[in-house]
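These notes concern the structure reproduced below.
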There are 2 protein chains.
Amino acid sequence: MKSYTIGELAKEVGVNMETVRYYERTGLLPKPPRNDSGYRQFPEEAVVRLRFTKNAQRLGFSLREIRELLSLRLIPDSACLDVKEKAEVKIAEIDKKIGELKTLREALKELSARCTRVTPINECHFLEVLQDSRGGEP
Amino acid sequence: MKSYTIGELAKEVGVNMETVRYYERTGLLPKPPRNDSGYRQFPEEAVVRLRFTKNAQRLGFSLREIRELLSLRLIPDSACLDVKEKAEVKIAEIDKKIGELKTLREALKELSARCTRVTPINECHFLEVLQDSRGGEP
DNA sequence: ATAAACCCTGTACCATAGTACGGGGTCAAG
DNA sequence: CTTGACCCCGTACTATGGTACAGGGTTTAT
């Protein structure tokens, strides 16, 4: 099947070529095979993986975390329960993020609604949202 | 009412003192009044604002975006419709994030479920998730 | 067969978001 | 009245996530 040069891959996903090399260096993309003149030949999967990475990044995951997410599916079968555990940790993290985003969304919604008419918005308890974590004494 | 020294503020919210100064420098926290010897005296609101900032950051907002969010509520009444518009843009962004997080969550959930028993997980279409944006030709 | 477009490596540089540190003043308790 | 904890400023350093060359080969279309 078809393979991608680095330029094709970068263009397909909409990232810089240098970024692809950077990801390869840092282990986010596995080192692809090379042709006789040393050109990288990325498999289809690299597109998927790279796209996943960029999307996950926009969701607030660091490259380290993305590396963890990606590694979950590659662990040998023996470590299956370990994978399950890690997946569940990630799920919990994600649930928390979703919850907080919803809260923030509501606050913005309220702000937006209030702003419809000419009422001044001097007092909008917009900030007071997202108050959960790190509340009091350590 | 009570005011906070920089150390108290930092401790209360669980950040480094230097971070507070950094935020002041970059306009995320308004410059607080000083006492006679030049010590910062942060009002209660600084706690709220700082906490908001740290939380929003965990949700994947950059400091620049957080500055935008925070500024929404401070714009003079005249710009009310502008605020509404900006708020709605943010809401849309947040909705997208929530949607993608849910998708990712489902994928992880499936992975986790599959990992319960001794079945090998060689083929888990976990990556293929989050495929929406930046699909084809520009 | 030659120019344009593409790829290689290595190194340097950039922005963002802090963190650390030196040198010095301030305040509170013993 | 001094010692330790706290604060000031300025500057420098760090990690992360890229970007940008320079100097050199390769491929492709004319």
Side-chain angles (χ1 to χ4, degrees), chain A residues 2-43 46-47 49-71 134 138, chain B residues 2-43 46-47 49-71 130 133-134 138:
Chain A
K2 211 233 176 250
S3 70
Y4 294 76
T5 66
I6 191 171
E8 289 166 346
L9 174 59
K11 192 168 182 184
E12 176 68 28
V13 181
V15 303
N16 197 310
M17 259 175 42
E18 312 286 352
T19 303
V20 175
R21 288 204 194 100
Y22 174 69
Y23 284 3
E24 183 185 327
R25 252 185 289 141
T26 58
L28 260 161
L29 282 174
K31 289 190 189 301
R34 306 291 185 110
N35 71 10
D36 290 350
S37 35
Y39 287 23
R40 289 169 181 82
Q41 297 176 301
F42 288 99
V47 176
R49 204 173 159 104
L50 186 50
R51 210 170 264 155
F52 177 89
T53 300
K54 292 315 281 185
N55 284 321
Q57 211 174 17
R58 282 192 305 94
L59 299 177
F61 294 96
S62 69
L63 295 187
R64 170 191 303 279
E65 289 172 315
I66 294 168
R67 223 175 280 123
E68 276 169 39
L69 281 169
L70 288 170
S71 77
R134 295 227 50 82
Chain B
K2 213 232 174 251
S3 71
Y4 293 77
T5 66
I6 192 170
E8 289 166 347
L9 174 59
K11 192 168 184 186
E12 176 68 28
V13 180
V15 303
N16 196 312
M17 256 176 42
E18 312 285 351
T19 303
V20 175
R21 279 201 267 263
Y22 174 70
Y23 284 2
E24 184 185 325
R25 253 186 288 140
T26 58
L28 260 160
L29 281 175
K31 289 188 188 303
R34 307 291 187 109
N35 70 11
D36 291 350
S37 33
Y39 286 24
R40 290 169 182 81
Q41 296 176 300
F42 289 99
V47 176
R49 203 174 162 104
L50 185 51
R51 210 170 265 154
F52 177 90
T53 300
K54 292 318 278 184
N55 285 321
Q57 211 174 18
R58 280 193 307 98
L59 299 177
F61 294 95
S62 68
L63 294 189
R64 170 191 303 280
E65 290 173 312
I66 293 167
R67 225 175 277 122
E68 276 168 40
L69 281 169
L70 287 171
S71 76
L130 305 186
S133 61
R134 295 228 51 84

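Below, chains carry the letters A, B, ... as their sequence lines are ordered, and counting in each starts from 1.
Looking at every heavy atom in both residues, A:G27 comes nearest to A:R49 through O-NH2, 4.5 Å.
Look at B:K54 and you'll find a side-chain N or O under 4.0 angstrom from OP1 or OP2 of C:dG18. At least one side-chain nitrogen or oxygen of B:T19 sits closer than 4.0 Å to the OP1 or OP2 atom of C:dT19. Put simply, B:S62 has no side-chain N or O that comes within less than 4.0 Å of OP1 or OP2 on C:dT16. Side-chain nitrogen and oxygen atoms of A:Q41 include none within less than 4.0 Å of the OP1 or OP2 phosphate oxygen of C:dC7. Remark: B:S37 is in phosphate contact with C:dC27, judged by side-chain N or O atoms under 4.0 Å from OP1 or OP2. When the side-chain nitrogen and oxygen atoms of B:T5 are compared with OP1 and OP2 of D:dC7, one or more of them lie within a distance under 4.0 Å. Taking only side-chain nitrogens and oxygens, A:Q57 never comes nearer than 4.0 Å to OP1 or OP2 of D:dT16.
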Could you give me the CA-CA distance, side-chain angles and deciding distance for B:T53 and B:L63, then say whether side chain to side chain contact (heavy atoms under 4.5 Å, CB included) is met? CA-CA 8 Å; B:T53 300; B:L63 294 189; 4.2 Å; yes
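Counting any heavy atom pair closer than 4.0 Å across all strands shown, A:R21 reaches a base atom. Contacts of B:T26 with the nucleic acid, taken as non-hydrogen atoms under 4.0 Å apart, are absent.
Nearest nucleotide to the A:R34 side chain, out of D:dG17, D:dT19, C:dT9: C:dT9. Relative to the side chain of A:Y39, the nucleotides D:dT26, C:dG18, D:dC7 differ in distance, and D:dT26 lies closest.
Taking atom CD1 of B:I6 as the reference point, atom P of D:dC6 lies 13 Å away to the nearest angstrom. One interatomic measurement links the two molecules: CZ of A:R25 to C1' of D:dT19, which rounds to 10 Å at whole-angstrom precision. Between the CG atom of B:N16 and the C1' atom of C:dA20 there is a distance of 9 Å, rounded to whole Å. Spacing between atom CE of B:M17 and atom C1' of D:dA5 amounts to 11 Å, rounded to whole angstrom units. Summarising the geometry, the separation between CG on A:L50 and P on D:dG18 is reported as 10 Å, rounded to the nearest angstrom. One interatomic measurement links the two molecules: OH of B:Y22 to C1' of D:dA12, which rounds to 15 Å at whole-angstrom precision. Here the P atom of nucleotide C:dT16 and the CD atom of B:E65 are 12 Å apart, to the nearest Å. Atom CZ of B:R40 and atom P of C:dC27 are 15 Å apart (whole Å).
Both B:E18 and B:L63 lie close to DNA chain C; mapped to their nearest nucleotides by heavy-atom distance, the more 5′-ward contact belongs to B:L63.
In this structure, the separation between CG on B:L9 and CZ on B:R51 is 9.5 Å, given to the nearest 0.5 Å.
Judged by the 6.0 Å distance and 45° axis criteria, A:K54 is not positioned over the aromatic ring of A:F52.
At least one side-chain heavy atom of B:E8 sits under 4.5 Å from a side-chain heavy atom of B:K2.
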